[in-house]
Amino acid sequence: MTDTLTHFIGGEAEAGDAVGESINPSNLDDVVARYPKATPADVDRAAKAAREAFPAWSEASPEVRSDVLDRAGTLVMQRAKELGELLSREEGKTLPEGTGEVMRAARILKYFAGEALRRHGQALESTRPGIDVTTHREAVGVFGMITPWNFPIAIPAWKAAPALAFGNTVVMKPATPTPAIAHALAAIIHEAGAPPGVFNLVIGEGGIGSAIVDHPEIDGISFTGSQGVGALVGQGAIKRQARVQLEMGGKNPLVVLDDADIERAVTCAIDGAFFGTGQRCTASSRIIVTEGIHDRFVEALAERARSLRVGDALDPTSQIGPAVSQGQLEQNLNYVEIAKGEGGKVLTGGEALKLDKRGYYMAPTVISDTAPDQRINCEEVFGPVASTVRVKDYDEALEIANRGQFGLSAGIVTNSLKHARDFRWKVKAGMVMVNLPTAGVDYHVPFGVLASRVTAPASRASPRSNSTRKLRPYTWGLNSLAEQQTGRAAYSSLRGRRVLVTGGGSGIGAAIVEGFAKQDSDVVFFDVCESESRAVADACGARFVVNDLTNIADTKQAIARLEKEGGPFDVLVNNAANDDRHSIDDVTEEYWDNRVNVNLKHLFFCSQAVVPGMRAKGGGVIVNLGSISWHLGLPDLVLYQTCKAAIEGLTRALARDLGTHNIRVNCVVPGNVRTPRQLKWYTPEGEAEIVAAQSLKGRMVPEDIAAMVLFLASDDARFTTGHNYWVDAGWR
């Protein structure tokens, strides 16, 4: 049966054109529900309804709020069987997992029903004689909640219940793949007696999340999802000084020491890596094993993973369900290929499965012989994929466990009290498990995360970054003097990535192409100048394609051919530009069309052409090249500067639209670059005059800009999107 869903706004179930579909990932012929797609106007009405409901709800007796949450928890418990079936049918986790999650949501609601009665304050003695001091907590106001698909009833309950318990009102947007189970929870909260406007549900796609983040009536935001989208959410909330809470994934280590009980270790790894189809932010996705037990453990892990039964989530014999979507399945498979390309050995799994019903099935995968800094051990896969790393001893295991930019959960399997205690204190994770899977946490304790961090040793060059967003300088740079001398930055995440550069035949573009080639990226570049471009391609091993970017149709066809031959691109660098000097009197309509095509229009349509492939791969990076010239108002460049100004605005707009698909978009705004054309145009006196006019004092060479582009394309820059970075020669 296919349900028809509604929004819940101001206590009313509001229907609309049910144009969206929620598909059963175990059976692609089964439409679970059809739903209306909310608009910003719907968000506006929901936020205003929540604001109107706030005074009465926050000032009511805490017993009123407690009773509503307790009744909601009771109703969820009573309907656990049907809700569990709906959840498993829509999200894809097995029926026991789905029913278990429903019961967890019920327990959360009941727990916070009790907490509603315990809003304590403090009475303190003042430092001033004869005066008492008291403190108490007050409700904040309206909270916007953007919830994920992997725990589609437990996390909405975990976010909404404490907010409601303490007198806040809620506007919630559920994840696009799982609206039906969120709709069921909303209906129960209203059935339990929530007054109109206290809990509002708007169903829609990524733009609705943006409308929630930006709405002035919403006082706080709670988000769970990807790093790329979370960065945008955080920036949007901070921009208007709203409260914000983010949870954005993990790459959790499980350490197995020589003295571990091997059966317990394998059980912990299987549970942490594969149950829930590996679609848990606390999954044990990298397993670090000391050499004395390594071979026996890895063999036993692969054997157990091989025995797991993958099937329909509603089949009681299934142990592993499908991935939630085609895009997620493709991302999982892509990471397997990346791991193999970097030297990993697939011991079991690694392929999609074809079963009786069409679904997004994948065999549980164990990859051995991986190095700590390979992409499979640094990036969140979010699927049934576990990689193993061999280490010498506990000290090396701890050091490797603390690498990377995530700090959510970590685990250790050992019989040594000494090592267990040391690990609990020294591992950089918010939650630490001893002889337990990394996944799983009680609902009555903090879900702790150490701040996401991007680390790289500082280069010897003194940082002088000038940007629209200041960054910690040691997150950038080349990792040693030797690497600086060879021009080779330590961005292992770029190895094997498919890169397209426009205008790569000379100057800055050639430096960018050569830079990616030195990272062992799979580089393709467009240009119209054959002789120069052939020389660049021959020198660095990149692929050159003759292409006139003023012909948009031919450019899009060329990109389609390249993707058909080699797969979607991971990185697009829009560098091509033509900056012939001209005055306003020189600009004809034909000249205008030609220059706008090459300087601006191509950038938009090249981005449009690569985005579908990036979406299918689960993310990507677009780096645009701007220019400081329009900020300075240089003479005889009126049309060029107009286009470069538009590129900065387009960068921010694309970042907002594409962030929901984990596609990062940033712009590099170079200062004074000593390219052959610049040297041809300006006398030393004229060049010095330009430098004096700008805030960036260093003269650059093309390799400086290439270094910044490489950084923004790498995983070291996963925290940034939608920014225009001004750089000079000192940024490294």
Side-chain angles (χ1 to χ4, degrees), residues 226-228 231 330-331 334-335 337-338 341-342 375 378-379 476 488-504 508-527 536 540-545 547 549 555 558-560 562-563 565-576 602-626 647 650-651 654-655 658-659 661-668 705-723 725:
S226 70
Q227 283 189 308
E330 290 178 355
Q331 176 174 304
N334 182 52
Y335 271 107
E337 293 305 310
I338 290 169
E342 292 184 331
R375 289 180 63 188
C378 298
E379 301 173 17
W476 294 339
R488 189 183 184 92
Y491 298 132
S492 62
S493 61
L494 295 177
R495 188 179 303 122
R497 289 198 176 171
R498 195 154 157 73
V499 180
L500 174 61
V501 181
T502 66
I508 295 172
I512 292 170
V513 169
E514 291 165 358
F516 277 109
K518 289 176 181 177
Q519 302 300 315
D520 298 324
S521 300
D522 177 11
V523 191
V524 182
F525 69 96
F526 290 161
D527 210 294
V536 171
C540 67
R543 179 179 177 183
F544 163 55
V545 175
N547 184 267
L549 290 165
T555 298
I559 291 173
L562 289 167
E563 291 195 327
E565 293 170 8
F569 288 98
D570 299 290
V571 178
L572 169 65
V573 181
N574 287 307
N575 168 70
H602 95 273
L603 183 150
F604 179 88
F605 284 102
C606 284
S607 300
Q608 183 188 67
V610 302
V611 160
M614 289 182 175
R615 284 198 192 106
K617 295 183 82 166
V621 177
I622 298 173
V623 181
N624 300 322
L625 269 291
I647 286 171
L650 181 59
T651 294
L654 288 176
L658 300 178
H661 303 285
N662 201 29
I663 299 173
R664 295 188 284 108
V665 188
N666 290 290
C667 180
V668 176
I705 304 304
M708 183 61 172
V709 170
L710 292 178
F711 167 71
L712 289 174
S714 77
D715 287 350
D716 286 10
R718 287 178 70 175
F719 60 93
T720 178
T721 188
H723 288 91
Y725 288 106

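Computed from heavy atoms alone, side chains included, the values below leave out hydrogens, waters and symmetry copies.
Across Asn547 and Ala558, no two heavy atoms sit closer than the pair ND2-CB, 3.9 Å. The two atoms that bring Cys606 and Thr502 nearest to each other are SG-CG2, 4.2 Å, heavy atoms only. Between Val573 and Ile512 the shortest heavy-atom distance is CG1-CD1, 4.1 Å. Listed here is the closest heavy atom pair of Val571 and Ala713: CG1-CB, 4.0 Å. Heavy-atom minimum distance, Arg664 versus Leu712: NH1-O, 3.0 Å. Shortest non-hydrogen contact noted between Leu549 and Ala576 is CD1-CB, 3.2 Å.
The ring pair (Phe, Tyr, Trp, His ring centres under 6.0 Å) check on Phe525 picks up Phe544, with sequence neighbours excluded. Qualifying side-chain contact (heavy atoms from CB on, under 4.5 Å) partners for Glu563, counting only residues two or more places apart in sequence or in other chains: Ile559, Pro568, Phe569, Val610.
A salt bridge is defined here as a Lys NZ or Arg NE, NH1 or NH2 lying under 4.0 Å from an Asp or Glu carboxylate O, and Glu379 with Lys617 fails to meet this definition.
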Distance-only criterion, 3.5 Å: show the donor-acceptor pairs between side-chain atoms of residues 618-625 and protein atoms not counting sequence neighbours.
from: Asn624; atom 1: OD1; to: Asn574; atom 2: ND2; distance (Å): 3.0
from: Asn624; atom 1: ND2; to: Thr651; atom 2: OG1; distance (Å): 3.0

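Side-chain N or O atoms of Asp716 include none that pairs as donor or acceptor with a backbone N or O of Phe711 at under 3.5 Å. Side-chain atoms of Arg375 never come within 3.5 Å of backbone atoms of Ile338 as a donor-acceptor pair (strictly under, hydrogens ignored). A donor-acceptor pair is defined here as one N or O able to donate and one able to accept, closer than 3.5 Å; such a pair exists between the side chain of Ser521 and the backbone of Leu494. Between the Asp522 side chain and the Gly496 main chain, no donor and acceptor come within less than 3.5 Å of each other.
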> side-chain contact (heavy atoms from CB on, under 4.5 Å) between Phe526 and Val545: does it pass, once the steps are laid out?
Replying inline: CA-CA 5 Å; Phe526 290 161; Val545 175; 3.8 Å; yes
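Put simply, the side chain of Arg543 reaches to within 4.5 Å of the side chain of Leu562, judged on heavy atoms. The shortest distance between side-chain heavy atoms of His661 and Met614 does not fall below 4.5 Å. Considering only heavy atoms from C-beta on, His602 stays 4.5 Å or farther from Thr555 through its side chain.
Of the listed residues (Asp570, Asp715, Asp520), just one forms a salt bridge (Lys or Arg N to Asp or Glu O under 4.0 Å) with Arg497, and that residue is Asp715.
Remark: Leu603 CG to Asn575 CG distance equals 10.0 Å, nearest 0.5 Å.
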